Each structure stands twice: as structure tokens, then as C-alpha cells.
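As C-alpha cells, the structure follows; a few thoughts come after it.
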There are 4 protein chains.
Amino acid sequence: MTGRPRDPAVDDAIRQAALSLITEQGYRGVSMEGIAARSGVSKQAVYRRYPSKGEVILDVLAVYARTRLPTPDTGDLREDLLALLEATFAGQRGVPGALNQALAAEALQDPAFAERVSRELIAARRQAVRQILTRARERGQLAHPDDDLLVDLVFGPMWYALLFAPGRLTDAYAAALADAVIAVGTHAG
Amino acid sequence: MTGRPRDPAVDDAIRQAALSLITEQGYRGVSMEGIAARSGVSKQAVYRRYPSKGEVILDVLAVYARTRLPTPDTGDLREDLLALLEATFAGQRGVPGALNQALAAEALQDPAFAERVSRELIAARRQAVRQILTRARERGQLAHPDDDLLVDLVFGPMWYALLFAPGRLTDAYAAALADAVIAVGTHAG
Amino acid sequence: MTGRPRDPAVDDAIRQAALSLITEQGYRGVSMEGIAARSGVSKQAVYRRYPSKGEVILDVLAVYARTRLPTPDTGDLREDLLALLEATFAGQRGVPGALNQALAAEALQDPAFAERVSRELIAARRQAVRQILTRARERGQLAHPDDDLLVDLVFGPMWYALLFAPGRLTDAYAAALADAVIAVGTHAG
Amino acid sequence: MTGRPRDPAVDDAIRQAALSLITEQGYRGVSMEGIAARSGVSKQAVYRRYPSKGEVILDVLAVYARTRLPTPDTGDLREDLLALLEATFAGQRGVPGALNQALAAEALQDPAFAERVSRELIAARRQAVRQILTRARERGQLAHPDDDLLVDLVFGPMWYALLFAPGRLTDAYAAALADAVIAVGTHAG
DNA sequence: CCTTAATCGAGACGGTACGTCCTGTCTTGTT
DNA sequence: AACAAGACAGGACGTACCGTCTCGATTAAGG
């Protein structure tokens, strides 16, 4: 029933190989074959762990982004939003940006995978923003009733930029976006 | 010097085949090989016209979406925005949605293509919104100085939805989004 | 130093699985993996007993064909030969035929194995025929001096048939072959 | 309808690669993958021509053995048989021997292929011997009525040797076998 | 009218990746 | 030790596309 346990070194080698392939060559350059070759691992070992390229990327992202979303709590909505947006955008400028792009590419090709990503990854990120909003609402700083819309206003432009203009994700943009969200939030809706 | 002219029937067959493949099987199911096979055309004939899958999709989209963005001009910002958003979202619910998803998938795998899409297609759409905003500004209905941000607030959530939750693009969502944009726009920024 | 003794039930399960796989699917369908799976035994247990597929087959054949070659002794060369040939051919029409074919396939792919088979299995069969010939010679019924050639005349056509026309191994063929061998044997050579 | 014609150089490269692989490493060392790699040809190019390893070998053998079976006609049965047997055995001592072994290995694993080989290759060889026998019969040198049996006596021992003792195929063996066949042939049967 | 040149379909070409299967070895915990 | 379980590197399987190429057969426009 037990069998030989999986070698954690193999896990690491696979993730490391996938990560370096994505950063070096982008999503195009990633293949199950290539990951196996680069990591010095058999294809079987990869397929045993992940049914598809997307799952590899998802896992790499999960491990890589252990630097948790901060969910700052300064007592001020603007401060909180700004901190989260700057942190998030900063991340997207580097390797995680490439990972998220790869993720999106995979999701666009496989609705089931998109659903999975939505539930496991996207939801967590949304929750972080929603928490900030909830606290602001409790302090009476928020009039707009639809948190979902406000969250969309945060992440929508981010993904838009990842798709067509990754360079746009600057601190200044984070500030402008934070102000915009607050402008909407302080209205009654 | 002239040689045999290109057969327009071949052009049509290619576009038609690409379109039906995308709608039937999604981006996954589309290949240059498949397009040629489905259209009864030689691979060479396809490659002569388009250097890559992405270009085919781009062209199909251009032809298919001859139903131009309206750029309504009712004299009222909210009316204009609402009309445009509803029309745009309505389009994304059907076949053009699949085409846009395919486009995004391709763009994510090829930065050069992303750039091209950005310049040729995205820019036009942004321009339509910017026109509405400009007119509103001339009427004194707009305080916010950064049109680009406002445009991002319009298209960001749309692409976000296309990536992870296509069902979200309803008329109600269009209305909420229009209100949000106006809320931001009427602030000084 | 002794450790746990080998489980005879495992031995049986392996042989049984190998046998049924060969008869059901032929040599093609036989693999160490498949034998282990079919017998519900670990691969290690198989490899512990047999270094290769060929050895399994060889062992299965040995156990299965405990119905020893008869080496009849009727006092008449023709009677003896006919009895042996009919018995042998009869065997080759059923399961042992498939086993012998598998054996040959393995031998052709591995000269060392061929040598081993030759020494252990082929030699025994040849000895049986040689015994018949020796007795005939002592009775003065045999003029030809080269027993090896005569034995080849018996088994050559049998293997030939196993390779390319298994259906040929009938009783009539056995009779014709026995007569041929006698025709050669009664000549001086 | 026409399409680009197959490149004969590719044909040659494949056959050459297959031949050298067989002679160097035996049937074990032959794989479609290996043939493609060795010949510098794509796997597709190989599969386009041959559905299986066996077909490659069969074709290589056919091309290689353009040194047709002689079918000598000296007016004397013994002379004819001896010439053919010596020529045949001589061939089996070298590269064609390895090819025939590979062929047999494949045939043993695939009854349909065995049938094909039987019809296309084996039949031709048998015909050569039968021709010799027919001429002898017309000259009154042959009493035995069953040519098929006589042919089996020629080829049976040859394949037997190829399977288990390739070294046995000497000129002396050819002579002994020729005499044996004649001994049978001059009897009434 | 008759070259000239680009098109057409067909399909071969070297490559790369797919996802599966088998080989023979190994590493667990259990008996 | 042997056992079931199952991971491991390696390698072959047969298929699908990639983008390029070479055919023979059209289809105009220009000499």
C-alpha cells in the first residue's frame, strides 16, 4: 500500500526547471518534455505529479509566491489599498508576472483549468481585497454596496496590463487606481 | 510580374474554417494544419496569407466584427457609456468572445504579436471610449484628467471576465461599470 | 541469514499469468510488467526469480510440458519415429506451440539465451530421437552414420512450420516425415 | 493529386540505417526511432513508408538480396541441389543471415506479418527448389511424389540452424543435406 | 499567341512535443 | 529475506503540428 515515497528532490527539480524555462523563454518555451529534460527527470515523474503544463505552472506559482498577499491593516482605506496594489504590481513586474501570463495562456486554452485557477488562486486574491473593503465598511468609510465590482476595478486593469502592456504596472498607476476605487467606493452606488 | 491572382474564394474558405474551428473547439482545437484541412485549401495557401495562427484570428475578428463599435453620441455621458458597454459586452457573449480569447491566448505567447494587437485593435477600441470621454469633458461633465485610467476601468474588467468568468458580462454589469466610471470621472482625480 | 522463504504461491501465480498471457495474446502481449500485474505479484518478485522474459517462458514450458517426450520402444524404427513425431506435433498444435514460438522469438533476440535454450531444452529433445536411432542401429535397421543429420531432418521441418505455417503439423505430415527419415537412414550416407 | 514526390535518398538512408543497425546490434537494437535517428530522417518519413519494423527489414532484405537465387540447371539433380544449398547457406552466414533472423523474430510476434513473409519471400525460395525438382522428375531422376516435403527437408534444417545454431550452415552440411534429399527423392514415397 | 510568373492542390521533409508503455532498479513499510 | 506497492531514469511507441519544400496543373497579364 505504501510503495516507495516520492523523492522531494524530484519535486524541486521539476519546479525549478519549469520556473527557469518560463523566465528564460516564456510560456512558448515550456513543454512537459522540456521540463523533464531540463530537470534531469523522467517524463513519467513529471506526468505522475501534474496532468498538464498548467498544473505545473500553478504549483510553481503557489510555491514561488509564498510571499503571501499582505492584507495590510493601517486603519485607513487608502493606505491599505495603496500598500496592497503596490505590492501586487511590484510582484507582477518580475518573475510572477511571467508565471501569471503563462497561467492565463493556459486558462484561455482550457475552460476547466480556468475554472480551477479561478477557484483556487483568483478567489484568494479577491478575498484579500475584500477584507480591506470590509474593514473600511465597518469604519464607515465605504458607501458602495457591491464589493465584487470594486474588486474587479482592482484586478481588471492589472490583468489587462499583463495581457497587452506589462510595463504599465508602476507605483504611480497603483496610486491612481487606488484613488479611483475609493472614488467609486465613497459613492452610494 | 503579375502571375496568377489570389483566389478570393480561398480567402473566404480559410476565414470560415478558422471561425468554425474556434467556435466549435476553442483555441486549443485550432491549428494551421486543421484550418487548411477544414477549408479544403493547401497549407501553403494559408501560410501565403498569414504568417501565424494569430494573424488568422486577427483577420477573422476584423472581418467578423465589421459591426463597428458605435461610439454613441446622445449628449449624456452615462447614456453614451452605457450604450457602448452594453454593445461591447453583448458582443463578447457570443462568437467574438471566443475570438478575443483566442487572440489573448496568442498574444500571451508572443509579445511581438501582443504589441501588434495592441496597436491595431486595442487602440481603436480605446479611441472609441476616449471620444465619448472627450465630448463629456467639453460639456463640462468630466473632472478627472486621466482619460487613460478611465478607459482602463472600462476594458480591464472586461478582459478579466474573458479570462476567468465569461458569464459575468451582463447588461447589469455594464450598468454598474458605467456608474463606477462616472463616479471616478466626476471626481477631480 | 535465512530470511523469509519464497512463497510457492507466487511461483505458481507468475507461471500461470505468463501462460495465460501467451495463449491469449501471443508473445507480443507478454511483458514483465504485464505478468506481474496479471498475477497480482510485485515486479520485484518476478525479477527475483527470472532475469528475463525468456526465462519465464522457458520455465513455464518446462512445467507445462511435464508430459515428457515418450521415447517409444516398439522394436521397430518406423513405429518409434511415428509415435514420437505424432506426439510431438500434437503438442505443438496447442499451447506448447505458442510457448515454443515465444521461446524462438526470445532466442532470436538474444544469442546467449538461444545458447541456453539449445543446451537445456533442444538437447533433451534431440537426445530422445537419438535414442530411437541408436536402438535401430543396434538392430541393424540403420545404415546412415550421421545421427545429427537425421535428427535435424526431424526437428528442422517442425520449427520451420512453427515459424511460418503452424497448421502444417498434422499426423499425415508426421508419417511422411518419418518415412523420409527412414529413407535417408537406410541409405549408407 | 501528385504532391511532392518522395525523395529516393530518404529511401536509401532508411534502408542503410536499418541494415547497419541490424548487423551491428542485431534485431534487439533495431527501433523505428533508432532507424530515423541513424539515417538523419524524421520518424514520419519512416512511418510513411513502413507501418512496422518488420516491413523495413523485409524491404532491406529484398533490396539486399537482389543477388537472386540461382536455380542452377546442370542436368544433374545432385549438382543442382548442391549448388543451390551451398549458395543459400553461404548467404545465411553473413548479413542476410542476421536479416532472416530479424525477419523470423518479427514473424513470430505477428501472425499477419508471418503470413505476408510466407507469401512474398518464402514462396519464392520454395519455388526455386521446386523447379530443380521438377526438372529432375522430367529426367526420371525423382520417384518421390511429394515435392513439398522435399522442399521442407531443404529449408527446415536451415531455419532450425538460424534459430539455434547459425554456425552449422557449412558447405559440408549442404552436401549432407543434398544427399539426404536425394535419398528420399529416389524412393517411391 | 505565347511566354512569364504567381497561384492552386497535394503531399513529402526535418523537427519537436505529445502522452503512454515497458525495462530493470530502487526504496518504502510489512510479514 | 521475501513481500506488495510504487517511484525512478531511460527509451521506444505512434501521432499531431510546425513551417518549409517541391511537384504538376491553372490562370492571368504583358510581350
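We name chains A, B, ... by the order of the sequence lines, and we start the count at 1 in each one. The shown structure was predicted, so the numbers you read here are calculated from the model rather than taken from an experiment.
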Taking CD from Q25(C) and C1' from dC21(E), how many angstroms apart are they, rounded to a whole number?
-> 14 Å
Salt bridge (charged side-chain N to carboxylate O under 4.0 Å, His left out) pairs touching residues 18-30 of chain D, sequence neighbours excluded, are E106(C)-R28(D), E24(D)-R38(D)
Can you sort out the partners of E55(A) under side chain to side chain contact (heavy atoms under 4.5 Å, CB included), two or more places apart, ordered by chain and number?
-> Y50(A), P51(A), S52(A), L58(A), F113(A), R116(A)
Using a cut-off of strictly less than 4.0 Å, decide whether R48(C) has a side-chain nitrogen or oxygen near OP1 or OP2 of dC3(F).
-> yes
Strand-adjacent residues in residues 98-115 of chain A, judged by heavy atoms under 4.0 Å from DNA chain F | none
Any side-chain N or O of R6(B) less than 4.0 Å from the OP1 or OP2 oxygen of dA6(E)?
-> no
Sub-3.5 Å donor-acceptor pair from the side chain of Q101(B) to the main-chain atoms of L162(B), do we have one?
-> yes
Going 5' to 3' along nucleotides 24-31 of chain E, which nucleotides have protein heavy atoms under 4.0 Å from the base (write B), which only from the sugar-phosphate (write S), and which from neither (write -)?
-> BBBBBS-B
What are the two closest non-hydrogen atoms of L103(D) and G54(D), and how far apart are they?
-> CD1-O, 4.5 Å
Remember a base hit wins even if backbone is also touched, and classify G34(D) as base, sugar-phosphate or nothing at under 4.0 Å, heavy atoms.
-> nothing
Nearest-angstrom distance from the residue atom OH of Y27(B) to C1' of dC17(F) | 12 Å
V41(C) or G40(A): which one's nearest nucleotide on DNA chain F is closer to the 5' end?
-> V41(C)
Return the minimal non-hydrogen interatomic distance between V56(A) and M32(A), and the atom names on each side.
-> CG2-SD, 4.3 Å
Closest to the side chain of D7(B), out of dC13(E), dC8(E), dC8(F), is dC8(E)
Checking dA17(E), dC18(F), dG9(E) against the side chain of S31(B) (C-beta onward), the nearest is dC18(F)
For F164(A), the ring pair (Phe, Tyr, Trp, His ring centres under 6.0 Å) test, sequence neighbours excluded, returns W159(B)
Side-chain contact, heavy-atom cut-off 4.5 Å: L19(B) with V63(B)?
-> no
Figure out the CD1/P separation between I35(D) and dG14(F), and round it to whole Å.
-> 11 Å
Scan for salt bridge (charged side-chain N to carboxylate O under 4.0 Å, His left out) pairs involving residues 1-11 of chain D, sequence neighbours excluded, and state none if there are none.
-> D11(D)-R49(D)
R49(A) has a side chain; which of dC8(F), dA5(F), dG9(E) sits nearest to it?
-> dC8(F)
Taken to the nearest whole Å, OH/Y50(C) to P/dT23(E) is 16 Å
Specify the closest pair of heavy atoms between I14(B) and A45(B), including all atoms of both residues, with the distance to one decimal.
-> CD1-O, 4.0 Å
Measure from CG on L21(A) to P on dT16(E) and round the result to the nearest Å.
-> 15 Å
Go through dG10(F), dG14(E), dC3(F) for me and flag the one nearest to the S42(D) side chain.
-> dG14(E)
